[in-house]
Amino acid sequence: MGKRKSERKQIAPSLSVFDLQAELGMTKHMGGQQATDELAELCCIDASSSVLDVGCGVGLSSCYLAEAIGCRVTGVDISPRMVFRSEERAANAGMMDRVMFKTGDIERLPFDDDEFDVVFVESVVSLLEKKRKAVSECVRVVKPRGFVGFNESIWIKTPPEDYSQGLSYRSGVNVGVIEPDAWERLLLENGLRDLVVRTYPADVRSELRNTIRRIGFRELLRVWSRAFRLYRKDPTYRDFVREAMSEPKEMLEFMGRGMFVGRKSKPVIL
Ligand SMILES: C[S@@+](CC[C@H](N)C(=O)[O-])C[C@H]1O[C@@H](n2cnc3c(N)ncnc32)[C@H](O)[C@@H]1O
């Protein structure tokens, strides 16, 4: 018989949630494709825009934006495995002329100043410790009056103290979810103006619907079958998934998602 959660020995995961996602070929953010559409609209992306998708994961939003809107998209991710998955997706969709991918760290983006019309970030900064540096890099590479938009997990209610620690432990990444006020300060301190802030509570049922809508039922089946194979064959992944599943249910009371969008202020010429 399986041990109860409280009796299982806690083993520090040797993997992170990103290793698992890269292996499965699926990354996600709260709100799914609907949130991507909303963020694209708030950032005024149109067919003439050049967009940088930071922390692009397996390239779902990069390919979706290029396809749905006709804009040019560059995706950047710290994980070469994610970049490989993104390129594979774009090649399969015959989109390599409209999207390109590069390996790079949000804290040192491999792009020139003022290069993009829009910097688009979904579920990346809430997983980083050095948020200020990450946001300042996003602002550096966007053109003056360009848009920088974030769709990130937030605390909508202050959680008990050890929640973030538990989340970081189980996911193998430094989860640094913050509250909407702290997001607003982060954007303002980094020179973004005309802020738009929208927050939503977490909704598990619509999250599943959104995931299916975003990747399609056939791809979801492929992801599940890869997950099942990994779970059966690889004890490291098995332990990781078990640990991740022991998330306290009441956590959703505290969690939500937020859209934070601002425009880079024009330099003052004296
Ligand atoms: C939760 S996933 C979201 C992926 C994608 N934006 C999406 O919505 O599907 C977070 C992504 O951020 C990437 N990432 C983590 N730290 C990063 C960093 N310092 N610089 C760039 N990307 C990073 C991870 O490799 C992962 O692909």
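Atoms within a ligand are numbered from 1 in the order they appear, just like the ligands themselves.
Near Lys28, meaning under 4.0 Å from one of its heavy atoms, ligand 1 places the atoms 1 (C), 3 (C), 8 (O), 9 (O). Of all atoms in ligand 1, numbered sequentially from 1 with element shown, those under 4.0 Å from a heavy atom of Cys56 are 5 (C). Here is the list of ligand 1 atoms found below 4.0 Å of a heavy atom in Gly104: 20 (N), 21 (C). If you number the atoms of ligand 1 from 1 as listed, the ones under 4.0 Å from a heavy atom of Gly57 come out as 4 (C), 27 (O). Remark: ligand 1 atoms within the under-4.0 Å shell around heavy atoms of Arg214 are 7 (C), 8 (O), 9 (O). In summary, the atoms of ligand 1 found under 4.0 Å from a heavy atom of Asp105, numbered by their order in the structure, are 18 (C), 19 (N), 20 (N). Counting the atoms of ligand 1 from 1 in the order shown, those under 4.0 Å from a heavy atom of Leu128 are 16 (N), 19 (N).
Taking 4.5 Å as the limit, some side-chain heavy atom of Phe101 sits within range of a side-chain heavy atom of Val99.
Using a 4.0 Å cut-off between charged side-chain N and carboxylate O, Glu23 and Arg229 make no salt bridge. Using a 4.0 Å cut-off between a side-chain N of Lys or Arg and a carboxylate O of Asp or Glu, Arg140 and Asp113 qualify as a salt bridge. Asp77 and Lys102 are not joined by a salt bridge, as no carboxylate oxygen comes within less than 4.0 angstrom of a charged side-chain nitrogen. Here Arg132 pairs with Glu189 in a salt bridge; the nearest charged N to carboxylate O distance falls below 4.0 Å. The existence of a salt bridge linking Lys28 and Glu122 is excluded, since no basic side-chain nitrogen approaches an acidic carboxylate oxygen closer than 4.0 Å.
Between Phe260 and Trp183, the ring-plane angle classifies as parallel under the 30° and 60° cut-offs.
For Met82, the heavy-atom gap to ligand 1 drops under 4.0 angstrom.
Any N or O atom pair closer than 3.5 Å counts here, and Gly55 shares at least one such pair with ligand 1. Checking only distances, Thr27 does come within under 3.5 Å of ligand 1, N or O to N or O. For ligand 1, one of its N or O atoms has an N or O atom of His29 under 3.5 Å away. Note: no N/O pair closer than 3.5 Å links Ser123 and ligand 1 by distance alone. Checked by distance only, ligand 1 and Gln21 stay at 3.5 Å or farther apart across all their nitrogen or oxygen atoms. Polar contact with ligand 1: present for Ile78 (N/O pair, distance under 3.5 Å). Taking any N or O of Val76, backbone or side chain, none lies under 3.5 Å from an N or O belonging to ligand 1. Distances between N or O atoms of Ser61 and those of ligand 1 include no value under 3.5 Å.
Nearest protein neighbour of atom 20 (N) of ligand 1, counting heavy atoms only, is Ile106 N, 2.9 Å. For atom 15 (C) of ligand 1, the nearest protein heavy atom (residue, atom name, distance) is Phe18 CE1, 3.6 Å. Shortest contact from atom 13 (C) of ligand 1 to any protein heavy atom: Asp77 OD2, 3.4 Å.
Side-chain atoms of Ser50 and Asp117 form a donor-acceptor pair, as typed in the model, at a separation below 3.5 Å.
Take Glu115 and apply the salt bridge (Lys or Arg N to Asp or Glu O under 4.0 Å) test, not counting sequence neighbours, and it matches no residue.
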Checklist entry - Hey, mind stepping through Asp194 and Arg145 against salt bridge (charged side-chain N to carboxylate O under 4.0 Å, His left out) and telling me if it holds? => result CA-CA 10 Å; Asp194 307 333; Arg145 300 301 293 150; 3.1 Å; yes
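Atom OG of residue Ser86 and atom CZ of residue Arg81 lie 11.5 Å apart, to the nearest 0.5 angstrom.
Between Glu67 and Met95 the shortest heavy-atom distance is N-CE, 3.7 Å.
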